[in-house]
Amino acid sequence: MERKTGLILALDVTDRMEAVAISEKVAGYVDAIKIGYPLVLSTGMDMISQLSKFAPIIADFKVADIPNTNRLICEQVFKAGADAVIVQGFTGHDSLEAAVKLAKEQEKDIYVVTEMSHPGALDFMQQVGEGIAKMAADAKASGVVAPATRPERVAEIRKIIGNELSIISPGVGAQGGSASDVIKAGANWVIVGRSIYQAEDPAMAAKKLVDEMKEFL
Ligand code: O7M
């Protein structure tokens, strides 16, 4: 994924026309569009190819299975036109390696969730976040997902993975995180949903975020 703006749109709407209209409006401000269960379950897998004309598509299915099933899922998602798939890391090295191997064969990307951005991530995930980050680096994934709600954790994760892997970071705006703070902490991209797609003017909301991050990219 090429970094021009540092912004990834999380398009968690459930209506096809709305999804297309918002993508059209913000296409000039985003490096990728992340879509997941809310949009795909309500509209269908063909949403991936329909939106791919606006920006590269990151399929957020948080894949979390045994190696063979991970591979089968990623195969279908890439076939549908996605450029990247998000997988969970807690399933361990073999599950991750199966996804990364397939992605490399197809010149696609895998991003691995380390620690999530919501408060409940402190119950279990935070304790294993650093180990998952190290595993993602060892497996040569394209990058990790780390929380904009805790820039200090993003800085820790950056130390572990070095500069080969990217960090894509959700939790800006609606969840309380700041785009410029998390970029300063070491994230390469922020992932933003509600603050853009619920804004009266989604393009303006996206532009504001891009302008805020510009000097820190
Ligand atoms: O900006 P929001 O809060 O409306 O949306 C954030 C998006 O990022 C939404 O699609 C979440 O599912 C996703 N996300 C998190 O909010 N926190 C995480 O820790 C991880 C993700 C995510 O994208 O995982 C891949």
Side-chain angles (χ1 to χ4, degrees), residues 1-3 7-16 19-20 22-23 27 30-117 121 125 128-129 131-146 157 161 164-170 187-189 191 193:
M1 183 166 47
E2 192 189 345
R3 187 168 73 165
L7 181 61
I8 296 168
L9 170 67
L11 193 51
D12 295 323
V13 298
T14 53
D15 178 82
R16 180 180 294 267
V20 172
I22 293 169
S23 299
V30 300
D31 290 334
I33 298 172
K34 180 181 84 74
I35 71 176
Y37 295 112
L39 184 56
V40 170
L41 291 177
S42 58
T43 62
M45 281 290 276
D46 64 316
M47 199 74 240
I48 295 177
S49 62
Q50 192 173 357
L51 294 180
S52 67
K53 61 177 183 249
F54 299 110
I57 302 297
I58 301 177
D60 179 6
F61 293 127
K62 295 192 180 70
V63 182
D65 219 308
I66 61 167
N68 187 56
T69 310
N70 268 13
R71 181 179 58 79
L72 291 168
I73 295 169
C74 291
E75 220 162 46
Q76 292 307 312
V77 181
F78 290 140
K79 200 166 130 195
D83 298 278
V85 176
I86 291 175
V87 305
Q88 287 287 11
F90 60 72
T91 46
H93 72 279
D94 49 353
S95 296
L96 174 59
E97 283 160 12
V100 171
K101 180 170 183 288
L102 179 80
K104 289 209 186 298
E105 283 164 11
Q106 305 199 9
E107 298 184 354
K108 307 276 189 178
D109 294 311
I110 296 291
Y111 293 95
V112 187
V113 179
T114 56
E115 168 185 327
M116 293 185 76
S117 58
M125 288 194 89
V128 295
I132 291 174
K134 179 164 187 326
M135 178 185 69
D138 290 345
K140 299 194 173 4
S142 298
V144 300
V145 183
I157 286 168
I161 64 174
E164 285 290 301
L165 277 73
S166 299
I167 298 179
I168 61 176
S169 185
N188 302 90
W189 280 275
I191 300 172

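Any value given below was found using the heavy atoms of this structure, including those in side chains, with hydrogens, waters and symmetry copies removed.
Side-chain contact between Ile86 and Lys34: present, with at least one pair of heavy atoms (C-beta onward) separated by less than 4.5 Å. Put simply, the side chain of Leu96 reaches to within 4.5 Å of the side chain of Ile110, judged on heavy atoms.
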| Hey, mind stepping through Leu9 and Leu11 against side-chain contact (heavy atoms from CB on, under 4.5 Å) and telling me if it holds? | CA-CA 6 Å; Leu9 170 67; Leu11 193 51; 4.0 Å; yes
| message | Apply side-chain contact (heavy atoms from CB on, under 4.5 Å) to residues Ile161 and Thr114 and explain how you reach the verdict. | response | CA-CA 11 Å; Ile161 64 174; Thr114 56; over 6 Å; no
| message | Under the criterion side-chain contact (heavy atoms from CB on, under 4.5 Å), I'd like the reasoning laid out for Val20 against Leu51: C-alpha separation, chi angles, the key distance, then a yes or no. | response | CA-CA 7 Å; Val20 172; Leu51 294 180; 4.2 Å; yes
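Smallest separation of non-hydrogen atoms from Val145 and Pro170: CG1-CD, 3.6 Å.
Scanning for side-chain contact (heavy atoms from CB on, under 4.5 Å) contacts around Glu105 gives Lys101, Leu102, with sequence neighbours left out. In terms of the side-chain contact (heavy atoms from CB on, under 4.5 Å) criterion, residue partners of Ala27 (sequence neighbours excluded) are, by chain and number, Phe54. Residues passing the side-chain hydrogen bond (donor to acceptor under 3.5 Å, both in side chains) test with Glu2: none are found, sequence neighbours excluded.
Annotation: the span from Leu7 atom CG to Ile33 atom CD1 amounts to 10.0 Å, rounded to 0.5 Å. The structure places CD1 of Ile167 at 11.5 Å from CD1 of Ile191, a figure rounded to the nearest 0.5 Å. How far CE of Met1 is from OH of Tyr111: 3.5 Å, rounded to the nearest 0.5 Å. Taking CD1 of Ile35 as the reference point, atom CD of Gln50 lies at 10.0 Å (rounded to 0.5 Å). Atoms CD1 and CG, on Ile8 and Asn188 in that order, are 9.0 Å from each other to the nearest 0.5 Å. Here CD of Gln88 is found 7.0 Å from NZ of Lys62. Values are rounded to the nearest 0.5 Å.
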With a 3.5 Å cut-off and sequence neighbours excluded, list the donor-acceptor pairs that the side chains of residues 131-144 form with protein atoms.
from   : atom 1 : to     : atom 2 : distance (Å)
Lys134 : NZ     : Asp138 : OD2    : 2.9
Ser142 : OG     : Asp109 : OD1    : 2.6

Would you give me the side-chain donor-acceptor pairs under 3.5 Å for residues 36-44, sequence neighbours excluded?
from  : atom 1 : to    : atom 2 : distance (Å)
Tyr37 : OH     : Phe61 : O      : 2.6
Ser42 : OG     : Thr14 : O      : 3.1
Ser42 : OG     : Pro38 : O      : 2.8
Ser42 : OG     : Leu39 : O      : 3.1
Thr43 : OG1    : Leu39 : O      : 2.7

Kindly list each side-chain donor-acceptor pair under 3.5 angstrom involving residues 69-82, sequence neighbours excluded, with atom names and distances?
from  : atom 1 : to    : atom 2 : distance (Å)
Asn70 : OD1    : Asp65 : N      : 2.9
Asn70 : ND2    : Ser95 : O      : 3.1
Arg71 : NH2    : Asn68 : OD1    : 2.6

